[in-house]
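See below for the structure under consideration.
Throughout, a chain's letter reflects where its sequence line sits, starting with A, and its residues are numbered from 1.
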Protein chains: 2
Amino acid sequence: MIELSQKELLHEFKPIFHPESIAVVGASQDKRKVGYGWVKGLVDAGFSGNIYPVNPRGGKLLGLEIYPSLTAIPKTVDYVIVVIPREVVPGLLDDCAAKKVKAVHFFTAGFSETGETSGHKLEEELIRRAQQGGFRIIGPNCIGTYCPESKIPYGPGGTIGESGPVGLVSQSGGIGNKLVELGVARGIKYSKAISFGNGIDLDSVDFLEYMAADPKTSVIGAYLEGSRDGRRLFSAMKDAARVKPLIVWKAGRTEVGAAAAMSHTGSLTSSAATWSAALKQAGAIEVYNLEELADSLLIFQQLERWQGKGVAIVGGLADGGGGISVSASDICAELGLNIPPLSPSTRQQLSGLLGQVGSILHNPVDISQGGGKPSILQEAIRLILADSAIDLVLVQEDMGILLEYMPWEEVEAMNDILIDFRTKQDKPIVTALPPGLSETQRLQIECKLSQASIPVFPTMERAAKAIINLSRYSNKL
Amino acid sequence: MIELSQKELLHEFKPIFHPESIAVVGASQDKRKVGYGWVKGLVDAGFSGNIYPVNPRGGKLLGLEIYPSLTAIPKTVDYVIVVIPREVVPGLLDDCAAKKVKAVHFFTAGFSETGETSGHKLEEELIRRAQQGGFRIIGPNCIGTYCPESKIPYGPGGTIGESGPVGLVSQSGGIGNKLVELGVARGIKYSKAISFGNGIDLDSVDFLEYMAADPKTSVIGAYLEGSRDGRRLFSAMKDAARVKPLIVWKAGRTEVGAAAAMSHTGSLTSSAATWSAALKQAGAIEVYNLEELADSLLIFQQLERWQGKGVAIVGGLADGGGGISVSASDICAELGLNIPPLSPSTRQQLSGLLGQVGSILHNPVDISQGGGKPSILQEAIRLILADSAIDLVLVQEDMGILLEYMPWEEVEAMNDILIDFRTKQDKPIVTALPPGLSETQRLQIECKLSQASIPVFPTMERAAKAIINLSRYSNKL
């Protein structure tokens, strides 16, 4: 393999993440077809380049002319999205070559992942023709590119969120979809995401190299099922992890999972232990499910680094913080977080503020006795943040209980206090907002906190795991 | 301790869970005070017995006369809720004795949990006076009784859900609150719940004995921080677990958690290993956080028992089921679920139904290629359920993806199909509905499925853990 310089890499991938024009081959006027969805998504997102729907039947689609073929398009085409059946794919490849397109993304499935000889043969033909024609292939059997900066939504559903520092490499279109959706819901902002399915040409190695080089990406997440070339992948992960945090969820770890991966993306997988060892050696952070990947991307985006040690746990913002304080301490301590006792002076001041009665003040701190007053929360957090043993405050907010005890304005005021601390001093604040009966209000507060770079998790356990991933990475630097 | 017969036990606890009258001592006209909330909650829930607000200032509250003292109430009082400060508690105890009340619940805190000598002394006085006066004490420092059948809501917030078979014993009022809230949100239906805080008289032992005896309770959940008498607790757990599934979350497992438990409910805790061993020996099911407790209560309520072995995983109801199939298989297999391959005949029929292209058919089954048609889902589930290797079907539904590909009516139709199978045959169906951007619709479907006794979990991991807890218990029977 030829090593490309960072500049060459960025240039090579420009037509994929920042194309000046996109053709959708297999565009359809039928609103239930994906060939409609792809075009609609690009139009709705406001893709600034040219969009060329292609279908032999011609006609109009969302005000755009439908071209009968790729070669009938009068101007240049950078990126092609292919949604036609696999049987008619070979015929398209000549057009791609003739049109001098840069990259072709095959949403179309039915290749090596079927396990059939015909599928493998078709893939070989694709690669050969791409090399002859001078274009790159993404897929087949994938969703392709997502780039909010270029106004390219994720897939035919058209999901698009804000642009940010998270680069995502996903071998699965569905997992990529969910992570992009969770990004919009929870505030994870992607620079770009790519799902490459069978990855017959460009694959995890190439995209990891690109994400490592991309100046807009400062943290990389990856969902991987397997690789054709373990050595190259290892080397790419190592190079990426050297310059940016790289968080990897490797699926197909078990026998049954590996068999499914074979049917899914035609991936050969190694044993879970081999993978874990390789990830560790490469300096990547291994995560074990979708939630942990999303949680980790969120905390790396919002806090970047955290080299501290001591975590203070605060619960009972209105009432009922006792059991939560006890159980959250268990969860955090068992996962390996350090929950040091507050200094005698801090405890004395908290005791004066909250009263001794029914309070847990050593860390965890149950501020229930403050009676749900925002001013008490403010002073308690101020005292805790001033304690030299504390480097991060983990706050449990229970929306159901808050709304039982106080009006909405005061719930908002409490969260404004957290946001104020986040802005005006350096020790991070992290929150757990467990779901319940007040989902509308909870999601509203989640959105507000997230926008202020206060990471929000649905459980204390997930918050603790994310903090640990961030801490381990930061402390190795 | 005198052993009570089941009949005597039920009689003894009648005034606590089925009182004919409740007095709220410390009732308040100030809507922000809990002394208002308790009365309001009982009135709103429609408590059918007499409600007596008590406050020396007198007056009216929500149409009810406020009595200046307990003794001023003309009729008998079964249950007293105390929300006055601890300093004035001793004076009240004479009135409780004079009035011959049956049980007194102290919401009031500030006793042994403060670690102060005065707190311990006050508790000793409470116990002595209760024994002299012939009444039982719940608390202090707790929320007390919840019984939907008696229209007694949980705490001053007034949360009340449907009545059902789940009995809950919680040493923490806040944890009890959250579990009751999640019950309403997710369909966990309680026969009764109790939080007993410091448990100076009635405690975990008594309530476990009661729940074991109660014919309305068929599964018991417990949140425990510690116990004054480990031997009696062990014996009570063993007796309860002999007749009903008993699911225990023991907090205060770590040093920092144990210290917090001491400040919370004055509990002395043993080591985590000792507890785990004792729970195992008692035949209880140990869980490790609030989510797992709620998940387990839900699955035991809805499926009761499951002695099967083989689980089929179905994903991609509309599209994007590949990665989910692979990763869900990993998660389930790693947690210990058996995911057997479908029979060649089932696979052949599925292949005919879905086509070979881009499909995972061995188990997991990715039905993406069915193109989101309800009829395809119906036939696929039918084929899978007919396979003798399969005893339970675990379906992953991604609301975001479903709504990208199909109208709402078809999403509903798909879920009606699952409900239909649940009703018309015996193999259970369990679902994972991960949160995302379509929360309103997701919660609507969750509610519908839950009402049809199809358990719904937010992640595959939590679904798998709940299935395993149910399976382990059922297979020991």
### Task
Find out whether Tyr288(A) and Asp330(B) are in side-chain contact, i.e. whether some heavy atom of one side chain is under 4.5 Å from a heavy atom of the other.
no

### Query
Given that the side chain runs from C-beta out, which part of Ile339(A) has a heavy atom under 4.5 Å from chain B: side chain, backbone, both or neither?
both

### Summary
Bottom line for Glu461(A): the part with an atom under 4.5 Å from chain B's heavy atoms is side chain

### Message
Which heavy atom of Gly323(A) sits nearest to which heavy atom of Tyr223(B), and what is that distance?
### Response
O-OH, 3.4 Å

### Query
So which of Arg186(B), His362(B), Lys178(B) has the biggest tally of heavy-atom pairs under 4.5 Å with chain A?
Lys178(B)

### Summary
Per-residue tally against chain B (heavy atom, under 4.5 Å) across Ile143(A), Val184(A), Ile331(A) peaks at Val184(A)

### Query
For Glu439(B), is it the side chain, the backbone, both or neither that has a heavy atom under 4.5 Å from a heavy atom of chain A?
side chain

## Note on the structure
Of all heavy-atom pairs linking Val256(A) and Pro364(B), the shortest is CG2-CD, 4.1 Å

### Query
Which atoms of Ile175(A) come close to chain B, meaning under 4.5 Å heavy atom to heavy atom: side chain ones, backbone ones, both, or neither?
side chain

### Heavy-atom proximity to chain B below 4.5 Å, by part of Leu403(A)
neither

### Message
Taking atom CD as the centre, does Glu255(A) end up with more than 12 heavy-atom neighbours from other residues, nucleotides or ligands that are less than 6.0 angstrom away?
### Response
no

## Note on the structure
Correct closest heavy-atom pair for Val326(A) and Ala251(B) would be CG1-CB, 3.8 Å

#### Entry: Contact winner vs chain B - Cys332(A), Gly322(A), Ala333(A), Gly157(A), heavy-atom pairs under 4.5 Å
Gly322(A)

### Query
Given that the side chain runs from C-beta out, which part of Pro341(A) has a heavy atom under 4.5 Å from chain B: side chain, backbone, both or neither?
neither

### Summary
Tightest non-hydrogen contact, residues Ser329(B) and Thr254(A), listed as O-OG1, 3.9 Å

### Query
Between Leu443(A), Asp398(A), Leu182(A), which has the largest tally of heavy atom pairs under 4.5 Å with chain B?
Asp398(A)

## Note on the structure
Rounded to the nearest 0.5 Å, the OG1 atom of Thr159(A) sits from the CG atom of Leu437(B) at a distance of 7.0 Å

### Message
Out of Ser325(A), Gly316(A), Pro435(A), return the one with the most heavy atom pairs under 4.5 angstrom to chain B.
### Response
Pro435(A)

### Query
Is chain B contacted by the side chain of Thr440(A), its backbone, both, or neither, given a heavy-atom distance below 4.5 Å?
neither

### Query
Is Asn177(B) close to Glu404(A) at the side-chain level, that is, under 4.5 Å between some pair of heavy atoms?
yes

## Note on the structure
Of Ser170(A), Gly173(A), Gly37(A), Pro434(A), the largest count of non-hydrogen pairs under 4.5 angstrom with chain B goes to Pro434(A)

### Query
Side chain, backbone, both or neither: which part of Glu291(A) has a non-hydrogen atom closer than 4.5 Å to chain B?
side chain

### Message
Quick check on the interface: out of Gly436(B), Pro140(B), Ser172(B), who has the most heavy-atom pairs with chain A under 4.5 Å?
### Response
Gly436(B)

#### Entry: Partner residues of Glu410(B) under the salt bridge (charged side-chain N to carboxylate O under 4.0 Å, His left out) criterion, sequence neighbours left out
Arg32(A)

